[in-house]
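Here is the structure we will look at, set down as structure tokens.
Keep in mind it's a predicted model, so treat the numbers as computed, not measured. Lettering follows sequence order; numbering is per chain, from 1.
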Amino acid sequence: MSEIKVRFAPSPTGPLHIGGARSALFNWLYARRYGGKFIVRIEDTDLDRSSRESEENILSALRWLGLDWDEGIAVGGPNGPYRQTERLDIYDRYAGLLLEKGLAYRCYCSEEELAVQREAQLAAGEMVRYTGKCRDLSPEDCERLEREGRKPVIRFKVPEGGVVTIRDIVRGEVNFDCDGMGDYIIVKSDGIPTYNFAVVVDDHLMGITHVIRAEEHLSNTPRQVLIYQSLGWSVPEFAHVSLILGKDRSKMSKRHGATSIEQYRELGYLPEALVNFLALLGWSPGVEEEIFTLEQLSEQFSLDRVVKSPAVFDLEKLNWLNSHYIKHSPVERIAELAIPFLQQAGYLPGTIDDRVREKVRLVMVAIREYLEYLAQVEQHAAVFFRQPEYNDPEAREVLAREEVPAVFRAVRGKLEETGDQLDEAAAKTLLKKIPKELGLGGKKVYLPLRAALTGRTRGPELHHLLPALGSREVIARLDNALAATGVN
RNA sequence: GGCCCCAUGGUCAAGCGGCCUAAGACACCGCCCUUUCACGGCGGUAACCCGGGUUCGAAUCCCGGUGGGGUCACCA
């Protein structure tokens with residue numbers, strides 16, 4: 001069998017959608033798994049809605065996810081150009097061919113006329129489709145209509161009484177009656193091809209062997225197959241993957257919350273978490289393991305383990321995966337990623353030096369286990385950058401205990417000995433010594449200490465808290481806490 | 001409404017005729033760890049849409065129903 005070639009062909013009408021990202025991922029994985037090629041092509045034939053900005057956004061989202069492509073937009077290749085609006089002459093050629101062979105014809109019906117007709121069909125309970133009014137127009141008719149100033153579209157002549165059978169890798173055999181289709185438009189009146197036509201020409205010319213895409217395209221597939229056949233081209237393999245649904249089980253849309261890769265990126269989700277999550281939505285590895293890198297996925301992915309039924313997007317599971325990756329990545333990386341969020345929260349200056357970077361690292365050591373996504377640092381890191389308020393009743397109660405001043409004096413003494421060498425190990429030994437030396441239970445030492453440092457009775461480990469705050473700040477907070485609770 | 005797809009716990013899903021008194025994960029609950037919370041470990045609650053067939057035997061195959069979804073554009 002010849003080399004596998006797949007593609008992701010987004011239309012640049014908005015940011016990369018979760019569903020689009022999964023399609024891209026599946027294609028990429030399939031190519032990598034079987035040593036094939038992955039192409040990215042831009043389907044921008046909708047002139048009104050397409051934009052270069054969206055195109056850029058989509059490409060950068062793909063790169064961010066780690067999905068690179070062997071051929072296509074921005075990287076070039078032997079089958080370019082890879083933007084459909086730059087291939088108009090190619091579509092013209094094949095539309096002309098179809099016209100010549102009598103497999104397509106010009107239609108002069110106006111959009112208004114068509115709308116009226118559609119209404120009538122709907123009202124009569126009939127199938128909504130083009131009636132074929134212009135099918136047998138004579139050249140003279142055409143000339144007359146053009147003189148009236150009408151701009152024709154080109155319609156594909158759907159064979160009557162035919163059946164198109166699609167062999168879909170995930171769905172099996174699916175049949176469609178041609179009679180339900182109506183002659184569909186392949187070239188719009190402005191000369192731009194429609195999706196159903198351009199996609200076929202491009203997929204064929206680019207040598208695509210497998211079309212892996214979302215299920216919403218399934219009902220378009222017979223129209224495309226008809227075009228392959230009429231042009232004498234071989235039909236690629238199809239694999240229609242079920243849709244990703246929102247919580248209410250309808251197609252994912254903005255009202256379901258964040259739907260673009262960009263949004264998740266901005267909230268501080270890691271690309272590997274998104275990739276891992278998306279891979280598991282609609283595909284199953286068949287083993288109990290759930291954590292996979294892109295690389296591992298590309299070794300295991302196969303279309304025969306793609307699930308047929310639609311999948312509900314489960315944010316809870318994404319959060320779990322993301323928190324997993326936050327906890328298991330090198331903390332330096334997490335700290336680096338957290339910086340913009342900390343800046344946005346107003347905790348950090350615009351420019352970061354090594355001292356700040358180290359502080360952030362210590363903060364992230366302390367709090368990363370609390371995070372589902374990085375934007376949550378705003379609440380969890382506050383204690384490291386803002387003075388505690390000491391208005392929590394529980395904390396106040398703890399700080400008011402009689403042994404507290406003595407405990408703090410002891411801590412202070414130890415800190416002055418330790419000075420700048422307050423790393424995690426030093427903090428641990430220091431913390432261990434205090435109760436012993438004072439002859440107090442741990443609870444009487446640690447709870448007030450925590451309350452003084454954070455203004456609360458719960459939070460990160462003390463041995464993480466101490467290094468992240470630093471000796472000076474710890475001492476200052478000890479004093480502040482006593483002053484604030486009026487015990488001093 | 002026509003056409004098409006789908007149907008295992010709340011969610012993702014394993015299962016492809018006997019191994020199922022149905023895996024695993026998320027979420028939830030409980031216990032343990034921890035002189036905090038969380039993390040982590042252990043355990044628990046919870047599912048084969050309904051009705052007919054086929055078969056010695058069906059979550060698995062077939063038919064019907066029901067439910068959900070997609071699609072019916074000069075959008076992709």
(message) More than 12 heavy atoms of other residues, nucleotides or ligands under 6.0 Å from CZ of Arg167(A): yes or no?
(response) no
(request) Run the salt-bridge test on Asp183(A) and Arg135(A) with the 4.0 Å N-O cut-off and return the result as yes or no. (result) yes
(request) Measure from the side-chain heavy atoms of Ser219(A) and tell me the nearest of A76(B), G70(B), U11(B). (result) G70(B)
(request) Scan Gly459(A) against the nucleic acid and name what it touches under 4.0 Å (heavy atoms): base, sugar-phosphate only, or nothing. (result) base
(message) Side chain of Glu216(A) only, heavy atoms from C-beta on: which candidate in C74(B), C12(B), G70(B) is closest?
(response) G70(B)
(message) Rounding to an integer number of angstrom, what distance separates C74(B) and C61(B) when you compare their P atoms?
(response) 40 Å
(message) Measure NZ/Lys247(A) against C1'/A27(B) and give the value in whole Å, please.
(response) 9 Å
(request) Determine the minimum heavy-atom distance between Leu67(A) and Ala21(A), stating which atoms define it. (result) CD1-O, 4.5 Å
(message) If you compare every side-chain N and O of Arg150(A) against the phosphate oxygens of C74(B) (OP1, OP2), does one of them come in below 4.0 Å?
(response) no
(message) Are Phe301(A) and Trp283(A), when compared by the centres of their aromatic rings, separated by less than 6.0 Å?
(response) yes
(request) Look at all strands and tell whether Lys151(A) reaches a base, only sugar-phosphate, or nothing, counting heavy atoms closer than 4.0 Å. (result) nothing
(message) What contact category does Arg450(A) fall into here, base, sugar-phosphate, or nothing, at under 4.0 angstrom with non-hydrogen atoms?
(response) base
(request) With a 3.5 angstrom cut-off on both distances, give the Watson-Crick or G-U wobble partner of C37(B), or none if there isn't one. (result) none
(message) Measuring from the side chain of Arg305(A) (C-beta onward, heavy atoms only), which nucleotide among U35(B), A14(B), G70(B) has the closest atom?
(response) A14(B)
(request) For C6(B), take OP1 and OP2 only and decide whether either is under 4.0 Å from a side-chain N or O of Lys308(A). (result) yes
(message) Tell me whether the side-chain N or O atoms of Ser189(A) pair up with the base of C74(B) as donor and acceptor below 3.5 Å, since no angle test is needed here.
(response) yes
(request) Scan Glu461(A) against the nucleic acid and name what it touches under 4.0 Å (heavy atoms): base, sugar-phosphate only, or nothing. (result) base
(message) Quick check for you: among C12(B), C37(B), A76(B), whose closest atom lies nearest to any side-chain atom of Tyr370(A)?
(response) C37(B)
(message) Could you check whether Arg333(A) pairs with Glu272(A) (Lys NZ or Arg NE/NH1/NH2 to Asp/Glu carboxylate O, under 4.0 Å)?
(response) yes
(message) Can you tell me whether the side chain of Arg171(A) and the base of C5(B) have a donor-acceptor pair closer than 3.5 Å?
(response) no
(request) Would you kindly check if the NZ (Lys) or CZ (Arg) of Arg22(A) is within the cone defined by 45 degrees around the ring axis of Phe26(A) and under 6.0 Å from the six-membered ring centre? (result) yes
(message) The side chain of Phe176(A) is closest to which nucleotide in this list: U71(B), C3(B), A76(B)?
(response) C3(B)
(message) Using a 4.0 Å heavy-atom cut-off, does Glu111(A) contact any base of the nucleic acid, only the sugar-phosphate backbone, or nothing at all?
(response) base
(message) Strictly by Watson-Crick or wobble contacts shorter than 3.5 Å, is anything paired with C49(B), and which nucleotide is it?
(response) G65(B)
(message) Starting the side chain at C-beta, find the nucleotide from A76(B), C3(B), C74(B) nearest to Val153(A).
(response) C74(B)
(message) Using atom C1' in both nucleotides, what's the gap between C48(B) and A59(B) to the nearest angstrom?
(response) 4 Å
(message) Without decimals, in angstroms, what is the distance between Ile367(A) CD1 and C37(B) P?
(response) 19 Å
(request) Among Phe277(A), Trp320(A), Tyr373(A), Phe341(A), find the one that has a ring-ring contact (aromatic ring centres under 6.0 Å, His included) with Tyr269(A). (result) Tyr373(A)
(request) For residues Tyr30(A) and His210(A), establish whether the separation of their ring centroids is below 6.0 Å. (result) yes
(request) Verify the contact: side-chain N or O of Ser242(A) to OP1 or OP2 of G69(B), cut-off strictly under 4.0 Å; return yes or no. (result) no
(message) Taking only the C1' atom of each, what is the distance from A47(B) to C37(B) in whole angstrom?
(response) 34 Å
(message) Less than 4.0 angstrom between a side-chain N/O of Arg118(A) and OP1 or OP2 of A73(B), yes or no?
(response) yes
(request) Answer yes or no: does a side-chain N or O of Arg41(A) lie under 4.0 Å from OP1 or OP2 of A76(B)? (result) no
(message) Counting only Watson-Crick pairs (N1-N3 plus N6-O4 or O6-N4) and G-U wobbles (N1-O2, O6-N3), all under 3.5 Å, who is the partner of C3(B)?
(response) G70(B)
(message) My understanding is that a pair needs two contacts under 3.5 Å, Watson-Crick or G-U wobble. By that rule, which nucleotide pairs with G43(B)?
(response) C29(B)
(message) Need one value for Val307(A): base, sugar-phosphate or nothing, where a base atom within 4.0 Å counts as base even if backbone is also close, heavy atoms only.
(response) sugar-phosphate
(request) May I ask you to say what Glu290(A) touches in the nucleic acid, namely base, sugar-phosphate or nothing, with a heavy-atom cut-off under 4.0 Å? (result) base
(message) Regarding Glu437(A) and Lys414(A), does a basic nitrogen lie under 4.0 Å from an acidic carboxylate oxygen?
(response) yes
Within the sub-3.5 Å range, which N or O atoms of nucleotides 43-51 of chain B have a protein N or O partner, and how far apart are they?
none

(request) Under a 3.5 Å limit for both distances, which nucleotide forms a Watson-Crick or G-U wobble pair with G18(B), could you say? (result) C56(B)
(request) Answer with yes or no whether Glu369(A) presents, from its side chain, a donor or acceptor under 3.5 Å of a partner atom in the base of G40(B). (result) no
(request) Select base, sugar-phosphate, or nothing to describe what Lys327(A) touches, counting heavy atoms under 4.0 Å on all strands. (result) sugar-phosphate
(request) State whether Lys188(A) places a side-chain N or O below 4.0 Å from either non-bridging phosphate oxygen (OP1 or OP2) of C75(B). (result) yes
(request) Kindly check if the number of other-residue, nucleotide or ligand heavy atoms within 6.0 Å of NZ (Lys133(A)) is above 12? (result) no
(message) Please classify the nucleic acid contact of Gly182(A) as base, sugar-phosphate, or nothing, using heavy-atom distances under 4.0 Å.
(response) nothing
(message) Would you measure the distance from the C1' atom in G18(B) across to the matching atom in G24(B) and give it in whole Å?
(response) 23 Å
(request) Return the value, rounded to whole Å, for the distance between atom CG of Asn319(A) and atom P of C28(B). (result) 11 Å
(message) Any N or O donor-acceptor pair under 3.5 Å from the base of A76(B) to the side chain of Asn220(A)?
(response) yes
(request) Using the six-membered ring of Tyr184(A), assess whether NZ or CZ of Arg223(A) lies under 6.0 Å from its centre and within 45 degrees of the ring axis. (result) yes
(message) Suppose you measure atom P in U60(B) against the same atom in C50(B); what distance do you get, rounded to whole Å?
(response) 10 Å
(request) Measure the distance from CG on Asp177(A) to C1' on C4(B) and round it to the nearest whole Å. (result) 11 Å
(request) Indicate whether OP1 or OP2 belonging to G24(B) is found under 4.0 Å from a side-chain N or O atom of Lys317(A). (result) no
(request) Would you mind classifying the nucleic acid contact of Cys109(A) as base, sugar-phosphate or nothing, using non-hydrogen atoms under 4.0 angstrom? (result) base
(request) Once you apply the 3.5 Å cut-off to both distances, tell me the Watson-Crick or G-U wobble partner of C12(B), or none. (result) G24(B)
(request) State which of G24(B), U35(B), C5(B) makes the closest approach to the side chain of Val174(A). (result) C5(B)
(request) Quick one: label Ser50(A) by what it contacts on the DNA or RNA (base, sugar-phosphate, nothing), any heavy atom closer than 4.0 Å. (result) nothing
(request) Considering non-hydrogen atoms only, spot the tightest contact between Tyr108(A) and Glu146(A) and give its length. (result) OH-OE2, 2.5 Å
